[in-house]
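Sequence lines set the chain letters: A, B, ... in the order given, protein chains first and strands last, and positions in each chain run from 1. Everything quoted here is computed from the prediction, not taken from an experiment.
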Number of protein chains: 2
Amino acid sequence: MTIDIQNLTLEDIAEKAGVSRSTVSRVVNEHPNVSEKVRTRVLQVIAETGFHPNAAARTLASQRSSMIGFILGRTVSSFFPDPYFPQLTQGIAQACNQNRYTLSLFLVGSREDEAMIFPNVSRKGLLDGVIVQSGHDDDELINKLITSNIPIVVVGRPFEVENVTFLDVDNVEASRQAVAHLIGLGNTRIATIEGSANTTVSIDRRRGYEKALAEAGLPLDEKLIAAGDFSEESGYRAMEALLPHKPDAVFAASDAMAFGAIRAARHAGLRVPEDIGFVGFDDLPSARRFEPALTTVRQPVSEMGSKAVDTLLQIIHEGAASQAATIVPTELVVRNSCGAKAKGLAQ
Amino acid sequence: MTIDIQNLTLEDIAEKAGVSRSTVSRVVNEHPNVSEKVRTRVLQVIAETGFHPNAAARTLASQRSSMIGFILGRTVSSFFPDPYFPQLTQGIAQACNQNRYTLSLFLVGSREDEAMIFPNVSRKGLLDGVIVQSGHDDDELINKLITSNIPIVVVGRPFEVENVTFLDVDNVEASRQAVAHLIGLGNTRIATIEGSANTTVSIDRRRGYEKALAEAGLPLDEKLIAAGDFSEESGYRAMEALLPHKPDAVFAASDAMAFGAIRAARHAGLRVPEDIGFVGFDDLPSARRFEPALTTVRQPVSEMGSKAVDTLLQIIHEGAASQAATIVPTELVVRNSCGAKAKGLAQ
DNA sequence: CATCAATTTAGGAGCGCTCCCAATTTCAAA
DNA sequence: TTTGAAATTGGGAGCGCTCCTAAATTGATG
């Protein structure tokens, strides 16, 4: 049964059903005020012919495309395979399906891409709105998008927060909890390995670290803070720098860095978690099967994606979101690497 | 400098530049036969106003949208976070950028999604063509798509190969090589853990396994073949089933299953790779840092993505692809889990 | 059975572009 | 200068839909 998608038009269907173009349009768009008799006759013809209205014509006439874009700026696109992004994308895609919206994906690879993509994204007739992953300072496209007046929702706390609706994980609180957990385990010399500079994520996670120390009355020792860039390699190097200062626990701003750091600690002859405890951030799939299983922070990534879509649709349909910022909570997943289980302190 | 994206039209630009709509259209579309003087004047006005032609109007008038879709069917969408898919998506997205095409992503979650998405995908005025990830039998959407006559390229060998252009990794040869490698290491009782049934990937990898055994004159022992579903958990269980039959090496059809299988082998007191060697498939990021580092098959996933786009554009522009099937080669990455390094036999 | 309001249906205008063809301009050769 | 081919430019028609308004139909009411 090959339904040949020939170029049927509303008018064709109208003729076959013995009604007018407008009536078919009303049926297709589920408008009220169509008599039951006519509606069923038209639906019948539509089913028989396999008709689907032309998307471009509909968009042109109605000035709505029922499409939204998901944009990953130049500074993050290359990390797309990092599980965070596909998970977020999946959440967004699912929500789009549910709302009968079509999703366009823009991975901005290079500066040239940026120039080419911007018109596509901002011009009329393609997208009703966009979701942007942000959190890095040097992201021109995102800033241009924000100043153009297309409906927009930013995922991740943007650098310039002026009247932009955004959605973010509670990085400060998540990190505070993680570090407080390490403190609760009796550690006093807690180090941290930071993510890439110039990202709000890193800034916020650092703030959470400091907050936890302050709450516990522990001193902030700059020597126990090492710079990384979220990668495993950088975690290894950061740990090497940290080791001389003898931390008894480490909070890494990403699981990948935690993996690297643990490797470095072991290389130096330390046992994990007996001699030194670790907490990561992300809850990568491999965190569970790592030896020792990594204690880490889990983010509701996919939920964030669908929430981003809901918020964007609100802006599209109602002109504004009900709240300017949504901060979603995280969950500390206690496994073995922090030492809680070894000490019989797991909840 | 807020460029307000008001609804400028060709006509507006034409008026400002003192020319006709047609001339502006020619300039925008880089048609020849526009005098240099007029062209620069028009470009000037366009730059000043920040004009971008309306996508929907252009699509409607030209019957081309410059958009393609990437569709993950119901049977694979849930695996989107598996690094294979984001990597493929990235390759596709990059190629789209280069060719000035816009990418739409369809993750078909449920059967209801399928019904809702199909019209969007197949109807005119939205997509010029689609790339579909296939390889599973029960995938209605994909079959419907193939019978509708939208330009299509399938990634992964489809079940029904009748006049469909597809692109696939050489699973048979990759597996043959992997198993031959284990044979070359002196193993004679080589087991395999298969992926999900009803996928061409599994079928092909099994065939490669059998081929390698046959070439080496080794018997095919059904007891050394265990069923899995690509997941780590299934790898663990499959290995438990395999252990009583004392394999000296295992070829797992995915890295995740290899991880699970190694865990099971160790649980039974075996040393890896001294007592038993393992080869996986996929080269996940964690394969490198696994203990022991996993020998596995690397696929040029991102390249496949861009090749899929090239092929699709060929079909769109020239009516057909230059070849019906493209089979891309893989690479065996020898690390420690197979025992080659231990035996001093690494390449 | 007439009247009028409410419901349903039809058709025109217009969304902003492309594409075609005709009109205009340019310019070389006679 | 005249002529005509080539290059450039302009404007109409039309892509397939939505939305608005007006016409036709329905049906309740006096």
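- Sorted by first and then second residue, the side-chain hydrogen bond (donor to acceptor under 3.5 Å, both in side chains) pairs involving residues 313-323 of chain A (not counting sequence neighbours) are Tyr101(A)-His317(A), Gln314(A)-Ser322(A).
- Take Glu36(A) and apply the salt bridge (Lys or Arg N to Asp or Glu O under 4.0 Å) test, not counting sequence neighbours, and it matches Arg39(A).
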Fill in the blank from the handout: In B/S/- notation (B base, S sugar-phosphate only, - none; protein heavy atoms under 4.0 Å), nucleotides 9-20 of chain D written 5' to 3' is BBBBBBBBBBB-
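- For Val27(A), the side chain to side chain contact (heavy atoms under 4.5 Å, CB included) criterion is met by Val34(A), Val42(A), Leu43(A), not counting sequence neighbours.
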Side-chain atoms of residues 91-100 of chain A: list all donor-acceptor pairs with protein atoms under 3.5 Å, sequence neighbours left out, distances to 0.1 Å.
residue  : atom : partner   : partner atom : Å
Asn97(A) : ND2  : Leu107(B) : O            : 2.7
Asn97(A) : ND2  : Asp113(B) : OD2          : 2.9
Asn99(A) : ND2  : Ala95(A)  : O            : 2.7

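- Note on the helix from dC1(C)-dG30(D) to dA30(C)-dT1(D): angle between the axes of the first and last five pairs equals 50°, rounded to 10 degrees.
- Pairs passing the salt bridge (Lys or Arg N to Asp or Glu O under 4.0 Å) check and including a residue from residues 9-25 of chain A, sequence neighbours excluded, read Glu11(A)-Arg21(A).
- With sequence neighbours left out, Ser134(B) forms a side chain to side chain contact (heavy atoms under 4.5 Å, CB included) with Ile142(B), Val154(B), Pro158(B).
- The side chain to side chain contact (heavy atoms under 4.5 Å, CB included) check on Pro151(A) picks up Leu312(A), Ile315(A), Ile316(A), with sequence neighbours excluded.
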